[in-house]
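Notes to accompany the following structure.
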Amino acid sequence: MSEAAEIRIGYEPATVEPKWRQAWKDAAIYKVADSTDKPNWMSLTMYPYPSGVLHVGHWFAFSIPDVFARAQRMRGFNVMYPMGFDAFGLPAENAAIKNNIHPARWTYENIDNMTRQFDLMGAMIDWDRKVATCDPDYYRWNQWFFLQMLEKGLAYRSGGMVWWCPNDQTVLANEQVLDGNICERCGAEVYKRDLEQWYLRITDYADELLAGLDDVDWPERVKTMQRNWIGRSEGARLNFELENGSSLGVFTTRPDTVFGATFMVIAPEHPFVDQITTEEQRDAVQQYVTTSRTKSEVERQISDETHKKSGVFTGAYAINPVNDERIPVWVADYVLMSYGTGAIMAVPSGDQRDFEFARQFDLPIIPTVQPVGGEPLDGATMTEAYTGDGIVINSGEFNGLPQSEALPKMIAWLDEQGRAKAEVSWRLRDWLISRQRYWGTPIPIVYCDTCGVVPVPENQLPVELPLDAEFTPTGQSPLVTHESFVNTTCPTCGGAARRETDTMDTFMDSSWYWFRYASPQFEDGPFDTELAKKWSPVDLYCGGIEHAILHLLYARFFTRVIRDLGLTEVSEPFARLRNQGMILSVDGRKMSKSRGAQIGPDELVARHGADALRLHLMFLGPWEQGGPWNDRGITGMERFIRRAWQVASELGTTTPGDHAGEADEAALIALMHRTIKRVSDDIDSFSFNTMVAALIEYVNELMKLKETEIVTSPVWREAVENLVLMMAPATPYVSEEMWEMLGKPFSVHQQDWPTFDPALAVDATIEIPVQINGKVRDRVTVANSATAEEQLAAARALDKITEQLEGKQVVKEISVPGRMVNFVIRG
RNA sequence: GCCCAGGUGGCGGAACGGCAGACGCGCUAGCUUGAGGGGCUAGUGCCCUUUGGGGCGUGAAGGUUCAAAUCCUUUCCUGGGCACCA
């Protein structure tokens, strides 16, 4: 049998998919040019950690952006949908210890397997642009960025209390600690240790990081999380003189309540604790400080019925600058050393925490704001702090002013006297980037007994991670004991020196990786600035909500640093952000590898085909929502594909001939345009589940029509071709096959997206409901152009309606053209 | 405690002032000599009814409206975020 005579018996994904996978590879249709006559459009999806295999959650996260990217390409953009691997990190080290396999080998093998699986998915990835962050060619630029920041004073080494994860044997950034004391990575309880570490000065950009959120098309909840994390508060810094002659600075958002400050509180870690505590109080204070140190951060922060506030009087007194009152200074752990100055002026009448403390220790309460029209407040009888607006009282010359007016006046007044200055305080801390781990970017620093801390010169980069490391189950980084790595010479004096053995937080890697896709082989810098410019900012960034703060905040910070180095013009890296929901395992819990609850795609692909799996994932529900995995329903997607296949395969067997009725043709045209509109709009709004529904409905209609005369009309051919074009982004394999079946030239993925005419997308006649008193009593078919009056006339003509209106008084008639008719009757 | 999102058939979900349950799964019945995880047809929210039809239904209770799943108020539940940040 000749090839031309071969009959396509039916849809078999096992033959269709490998065939086109190879054809695409041979024709390199996913190779992305740096620029073309079309506008560039960059679709980025958060690159995965190479854990070994892609599970259906990965498919959910990666195949849907692929659909969008493919649609954008058909719509006339030069689309880049790059992929890489976030290849440094702890799991590789754990695997090394457990299975005696080197992290590098483990990682690169996983990358190979996952690359294969991405191809199975049919993703539109240009692998020539692949980035793996554990490549020395990549991470040397982490080191380069670090050195630039060091030079600009944006990187620094400092001691202080830092979070330590005993399980991962490393410090963590504040952002990586959940629920007060839980390791974001492994779930272990973390605690604080006093260690010298490397930091990046992200707080220098706090203002800009906050303001920039207004300019991006991101989900509001992500912006809110970032705003909360940055935590800007406007207020003032006030100085209180202590009786011992020193001055205690505090930050407050309510300088207007300073007349009500009846005591002060300093954090147990505050440097003043020792010097101001009187002899009589020393024992008590010391004991308190020790106790609060052993308390976990979480314990300290609990405030409810069973956990009363605690604190101890230091014996010292301060002078309230506005009324010269002598007020006691307490030490209490409800004041945090890490925020503001680590000391507060306590105004129990205007702050609930101070109020509780005052009640507990019998300290005076002086109201300074009187609610308008309420009972006069009395410090002795108040039951809670009053934080609302009102009239200022007990505040000298400011008495009688509305609180909102008094606030700026009081700041100005205090400022004049040199007692206060308006100040903005931030919750954001600098980013701790040192990690006591092996599988990461070595921090390019050398310690020399003569010269001190010496940065490795740029021309000596990269500082390569030694591959001959020894992995022992102690959890300690093998770099520490790696003699030939640690022992080096000082770049400045040439004397013996030691290398920094800490590596960088892997969030460094992901803070600029997308720039690298523009020029992944570039050797003269982190990326080719001219090429990167063509793809900046990223038009669409997709990824999980779990990165709302961590990765996205660091990436925004890095982008600004890169901008200030003159390498990019953009400040915001990601113009539009969309978060997918999480695919949970069948039992509704997280798909964890350890519980064996991961659903692998390979078997599903073997059974149903990648196209059906892609459709199924789209059809599960709103992409933003996610939900528990189930494979019920995937058969529905297969049925849909088979029906589409049948429509396409029979087209070749019908010959164009005399038209069917004009009305039938018009109806098909309307259906086609309506479907193009629905599918296009649904893609734009990331509503992939309804997009699939629209395609299914379309095919179901075509299946009915396929037995009618209309198949001999040119309109039919157009309708079927558009079906295949619309399916192409969602089901790339079978669409390519159907496109070929229609006798069209390779490749369907290089075709233009079908357009629709809104005027043609409506049927000539429509059916509208006819209501009586808001209840549907009948339906009537009218011309789509019918006026309100015409609709009413048509409705009145209905037997059933005439009957029910008989003898009743019609109080009101509502007729909305194209929507409905309602008669309001009485009696 | 505060903020956000969400509660709709047996299930996933659709509609987001104008026909509730699109679409899919599942289920029921029938058809089909390719006994298969096949195809096709019809049905499938609940209750009442001989048919015609009628009533009730979107977590709960009120309200606005000719008309409410949709808007407003109160409340309950679920998920997420923040939380002694001065």
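To find a chain, count down the sequence lines: A is the first, B the second, and so on, and within it residues start at 1.
- Comparing B/A14, B/A86, B/G24 against the side chain of A/Ile696 picks out B/G24 as the nearest.
- Taking the O4'-C1'-N9-C4 or O4'-C1'-N1-C2 dihedral as appropriate, B/G63 has a value more than 90° from 0 and is therefore anti.
- When each of B/C82, B/C23, B/A86 is scored by its nearest atom to the side-chain atoms of A/Asn700, the top-ranked nucleotide is B/C23.
- Rounded to a whole Å, the CG atom of A/Asn630 is 13 Å from the P atom of B/C11.
- Atom CD1 of A/Ile814 is separated from atom P of B/C66 by 7 Å (rounded to the nearest Å).
- Comparing the P positions of B/G34 and B/G39 gives an interatomic distance of 13 Å, to the nearest angstrom.
- For B/G79, the paired base is B/C4 (Watson-Crick or G-U wobble, both distances below 3.5 Å).
- Of the P atoms belonging to B/G36 and B/C23, the separation is 31 Å, rounded to the nearest Å.
- The closest side-chain heavy-atom distance from A/Ile768 to A/Val780 is below 4.5 Å.
- Both A/Glu638 and A/Arg254 sit near RNA chain B, but only A/Glu638 has its closest nucleotide nearer the 5' end.
- When rounded to the nearest whole Å, the span between CD of A/Glu701 and P of B/A22 equals 14 Å.
- B/A15 sits 27 Å from B/G81 when the P atoms are compared, rounded to a whole Å.
- The C1' atoms of B/G45 and B/U58 are separated by 11 Å, rounded to the nearest whole Å.
- Look at A/Thr224 and you won't find any side-chain N or O under 4.0 angstrom from OP1 or OP2 of B/C82.
- Pair assignment for B/C31 gives B/G39, based on Watson-Crick or G-U wobble hydrogen-bonding distances that are each under 3.5 Å.
- With B/C56, B/A83, B/C84 as the choices, the nucleotide that has an atom nearest any side-chain atom of A/Lys775 turns out to be B/C56.
- Nearest nucleotide to the side chain of A/Asn228, out of B/A86, B/G37, B/C82: B/C82.
- Backbone-only engagement by A/Val776 is indicated by non-hydrogen atom pairs under 4.0 Å involving sugar-phosphate atoms exclusively.
- Taking both residues in full, the closest heavy atoms of A/Glu806 and A/Glu803 are given as CB-O, 3.1 Å, listed atom of the first, atom of the second, then distance.
- The side chain of A/Arg632 places no N or O atom within less than 4.0 Å of a non-bridging phosphate oxygen (OP1 or OP2) of B/G10.
- Classification of the A/Trp330-A/Phe313 ring pair by plane angle, with boundaries at 30° and 60°, yields tilted.
- Within a heavy-atom distance below 4.0 Å of RNA chain B, the residues of residues 671-692 of chain A found are A/Asn689, A/Thr690.
- Across all strands shown, the partner of B/C46 is B/G55, judged by Watson-Crick or G-U wobble contacts whose two distances both fall under 3.5 Å.
- Contact annotation: A/Lys223 does not reach the phosphate of B/C3 (side-chain N/O to OP1 or OP2, under 4.0 Å).
- Considering only residues two or more places apart in sequence or on other chains, A/Glu423 meets the side-chain contact (heavy atoms from CB on, under 4.5 Å) condition with A/Arg237, A/Phe251.
- Atom name C1', nucleotides B/A20 and B/A29: the rounded distance is 27 Å, in whole Å.
- Of the candidate nucleotides B/G54, B/A14, B/A22, B/A22 has the atom nearest to the side chain of A/Glu697.
- No contact: A/Arg237 has no heavy atom under 4.0 Å from any strand.
- For the side chain to side chain contact (heavy atoms under 4.5 Å, CB included) with A/Val770, the qualifying choice from A/Asn822, A/Leu792, A/Val776, A/Leu798 is A/Leu798, the only one to do so.
- For A/Arg639 and B/G26, the shortest distance from a side-chain N or O to OP1 or OP2 is below 4.0 Å.
- Atom CE in A/Met582 sits roughly 16 Å away from atom C1' in B/U78 (whole-Å rounding).
- Glycosidic torsion of B/G55 falls outside 90° of 0, placing the base in anti.
- Base pairing of B/A20 is not made with any nucleotide, judged by Watson-Crick or G-U wobble geometry with both donor-acceptor distances under 3.5 Å.
- Each of A/Val250, A/Ile327, A/Asp351 was evaluated against A/Met345; a single residue qualifies, A/Val250, per the side chain to side chain contact (heavy atoms under 4.5 Å, CB included) test.
- Using atom C1' as the reference point in both B/C84 and B/G79, the two lie 26 Å apart (nearest Å).
- The side chain of A/Phe619 sits closest to B/G24 out of B/A14, B/G54, B/G24.
- Separating the C1' atom of B/U32 from that of B/G10 is a span of 29 Å, rounded to the nearest Å.
- The base of B/C66 lies close enough to the side chain of A/Asn822 for a donor and an acceptor atom to sit less than 3.5 Å apart.
- When distances are taken from the side chain of A/Lys812 to each of B/A86, B/C66, B/C84, the shortest belongs to B/C66.
- Side-chain atoms of A/Asn239 and A/Arg419 include no donor-acceptor pair closer than 3.5 Å.
- Here the shortest heavy-atom pairing between A/Ala730 and A/Met618 reads CB-CE, 3.5 Å.
- Donor-acceptor pairing under 3.5 Å is recorded for the side chains of A/Tyr288 and A/Ser310.
- As a whole-Å value, the separation of A/Asp351 CG from B/A86 P is 9 Å.
- Separating the CG atom of A/Asn773 from the P atom of B/A68 is a distance of 12 Å, rounded to the nearest angstrom.
- The number of heavy atoms from other shown groups lying within 6.0 Å of NZ (A/Lys677) does not exceed 12.
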Compile the donor-acceptor pairs under 3.5 Å between side chains in residues 256-267 of chain A and protein atoms, sequence neighbours left out, one pair per line.
residue  : atom : partner  : partner atom : Å
A/Asp256 : OD1  : A/Arg254 : NE           : 3.0
A/Asp256 : OD2  : A/Arg254 : NE           : 3.4
A/Asp256 : OD2  : A/Arg254 : NH2          : 3.1
A/Asp256 : OD2  : A/Gln403 : NE2          : 3.0
A/Thr257 : OG1  : A/Arg254 : O            : 2.8
A/Thr262 : OG1  : A/Pro364 : O            : 2.8

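- Pairing for B/C84 is absent, with no Watson-Crick or G-U wobble pair whose two atom distances lie under 3.5 Å.
- With P as the reference atom, B/G21 and B/C76 are 32 Å apart, rounded to whole Å.
- The CZ-P distance, from A/Arg819 to B/C16, rounds to 9 Å in whole Å.
- A/Gln352 comes within contact range of no nucleotide atom at all, as no heavy-atom separation falls under 4.0 Å.
- Of the residues near RNA chain B, A/Trp426 and A/Val824, the one whose nearest nucleotide (by heavy atom distance) lies more toward the 5' end is A/Val824.
- Here A/Arg643 lies in heavy-atom contact (under 4.0 Å) with sugar-phosphate atoms only.
- Here A/Gln625 reaches the OP1 or OP2 of B/G13: one of its side-chain N or O atoms lies under 4.0 Å away.
- Taking atom CG on A/Leu552 and atom C1' on B/G81, their separation rounds to 15 Å, with Å as the unit.
- Taking a pair to require two hydrogen-bonding distances under 3.5 Å in either a Watson-Crick or a G-U wobble arrangement, B/G62 pairs with B/C72.
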